[in-house]
Amino acid sequence: MSYNVLIVDDSKSMRKVIRKTLQMSGFKVGEFLEASNGQEALDLLDGRWVDLILSDIHMPVMDGFTFIQSLRDKDLCKDTPIVFVTTEASEIRLKQLLALGASGYIRKPFRPEEIGTMLSRVMGETDEFAVGTSTEGCDF
Amino acid sequence: MNSQWEPVLKDVISEVLETMFFCMVDFEEGDCEKEDFEYGSEICLLNHKGRLAISLQVKRDFAKALTANLLGIDEEDVDEDDLQDALRELANMVGGGYHARMDNSDLRLGIPRAWKIETSETNGTETTTGLRFGCYGEPAGTAVLNYVPCEAC
């Protein structure tokens, strides 16, 4: 089974890094979609299905908080796991994201195996593609 | 240098560079001549009292190497957009790491920026005090913390 993945980050470099990390960790991706902020992501998701969203928090135009809140308000992607890949340091703000329905978060800088491990849990997979053990912020 | 933030910033810069940019640096004492550096990036930690700016200045060769490492491409394929984007991300991660270690939930991260330092900014003998770091024995960059209270923002 392969997954359609949406990466939301204002940094083109980080989108590339995340994309490459997913490919290297053996995560089976059908289609990669990319957006540079929450608003672009909302526009992209209008009428499209994705299996997983990886999003930054601090972005211009629309940040990660407003993005996930908008998804909830519009009843979009309500069963789609959303993992935040972020430099956010505040535990309070990260807990707010989990309360809004985020599946977890990974702090930057990250090691590739952290993404693999997080995704294996979030997607309900076995350890088939997970090569590491360190995972932060998983609310399971 | 403030003895409290210096080791924290060293630790954060080392962690970010090693984890995401596959690069190890050594820190040195002393001032740096501004003309040494061709690129700058900065992120602010903000609260109602003011802002703490973390500024990085690096040499072009070092910036190119970092960008190539981050993206997994050859240095010759690094373009200007990639380079400045990677430097913004470097500042972003250093700012986030510093915030996490200082354990101050009152602060929030701003949006990072990066720029090419113009020749006019680097003429003269002006020096700056900050953390100097090098890579493989060569000077690579400097990191400076600057607090600006609200009335001066």
Side-chain angles (χ1 to χ4, degrees), chain A residues 7-25 34 36-39 54-67 84-97 105-117 132 134-137, chain B residues 8 11-23 41 43-47 52 54 63-64 66-73 77-114:
Chain A
I7 303 170
V8 190
D9 200 308
D10 56 321
S11 162
K12 194 174 89 179
S13 300
M14 278 316 299
R15 297 200 301 268
K16 276 186 196 170
V17 168
I18 292 170
R19 192 176 175 139
K20 203 166 256 186
T21 304
L22 290 181
Q23 288 166 332
M24 285 171 61
S25 64
E34 294 187 13
S36 63
N37 60 63
Q39 185 57 58
L54 293 165
S55 177
D56 190 12
I57 294 178
H58 301 285
M59 296 176 285
V61 184
M62 182 186 284
D63 68 11
F65 280 93
T66 312
F67 172 51
F84 284 89
V85 184
T86 179
T87 55
E88 177 61 56
S90 162
E91 290 292 335
I92 295 169
R93 284 169 65 80
L94 291 168
K95 280 180 183 163
Q96 285 171 351
L97 277 177
Y105 59 85
I106 297 165
R107 279 207 181 116
K108 292 189 267 190
F110 58 80
R111 290 187 166 73
E113 56 266 31
E114 290 178 58
I115 288 202
T117 304
S134 173
T135 304
E136 274 192 273
Chain B
V8 175
D11 187 42
V12 170
I13 290 171
S14 294
E15 185 196 6
V16 170
L17 288 177
E18 286 171 27
T19 308
M20 296 298 293
F21 296 88
F22 312 109
C23 173
S41 63
I43 189 161
C44 290
L45 296 168
L46 311 129
N47 66 11
L52 180 69
I54 302 175
K64 274 187 88 169
L66 290 185
T67 307
N69 288 353
L70 177 71
L71 298 177
I73 60 177
D77 295 328
V78 170
D79 64 28
E80 188 67 20
D81 283 350
D82 286 339
L83 191 147
Q84 293 202 24
D85 195 41
L87 290 180
R88 269 191 297 275
E89 201 51 45
L90 170 63
N92 190 26
M93 286 188 258
V94 168
Y98 186 80
H99 185 199
R101 283 166 177 78
M102 295 310 278
D103 193 27
N104 186 343
S105 57
D106 183 35
L107 292 166
R108 62 188 168 80
L109 274 179
I111 302 286
R113 65 190 186 103

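All values reported here derive from a predicted model rather than from experimental measurement. Quick note on labels: first sequence line is chain A, next is B, and so on, each numbered from 1.
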4.5 Å side-chain heavy-atom contact, B:R108 and A:S90: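 The answer is no; the side chains never approach within 4.5 Å.
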
CA sep, side-chain torsions, deciding dist, call: B:D82, A:K12, side chain to side chain contact (heavy atoms under 4.5 Å, CB included): CA-CA 8 Å; B:D82 286 339; A:K12 194 174 89 179; 3.6 Å; yes

For the student: nearest non-hydrogen atoms of A:K20 and B:G72, plus distance: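 Looking at all heavy atoms of both residues, the shortest contact is NZ-O, 3.5 Å.
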
Options B:V94, B:L70, B:T67, ranked by heavy-atom pairs under 4.5 Å with chain A, top entry: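 With the most close heavy-atom pairs to chain A, the winner is B:L70.
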
B:I111 portion near chain A, given a 4.5 angstrom heavy-atom threshold: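 B:I111 touches chain A through side-chain heavy atoms alone.
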
Matching residue for A:P109 among B:L17, B:T19, B:L90 - test: side-chain contact (heavy atoms from CB on, under 4.5 Å):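 Testing each of B:L17, B:T19, B:L90 against A:P109, the sole residue satisfying side-chain contact (heavy atoms from CB on, under 4.5 Å) is B:T19.
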
Value rounded to 0.5 Å, distance of CD1 in B:I73 from OG in A:S13: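 The distance works out to 8.5 Å.
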
Atom pair CG/CD1 of B:L109 and A:I57 - distance to nearest 0.5 Å: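 Here the rounded value is 9.5 Å.
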
Residues A:D10 and B:R88 bridged, charged N to O under 4.0 Å: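 So A:D10 does not pair with B:R88 through a salt bridge.
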
Shortest non-hydrogen separation from B:G96 to A:A89 and the atoms involved: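 Reported closest heavy-atom pair: O-CB, 3.7 Å.
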
Interatomic spacing from CG in B:L71 to CZ in A:R19 - rounded to 0.5 Å: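 One gets 13.0 Å once the value is rounded to the nearest 0.5 Å.
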
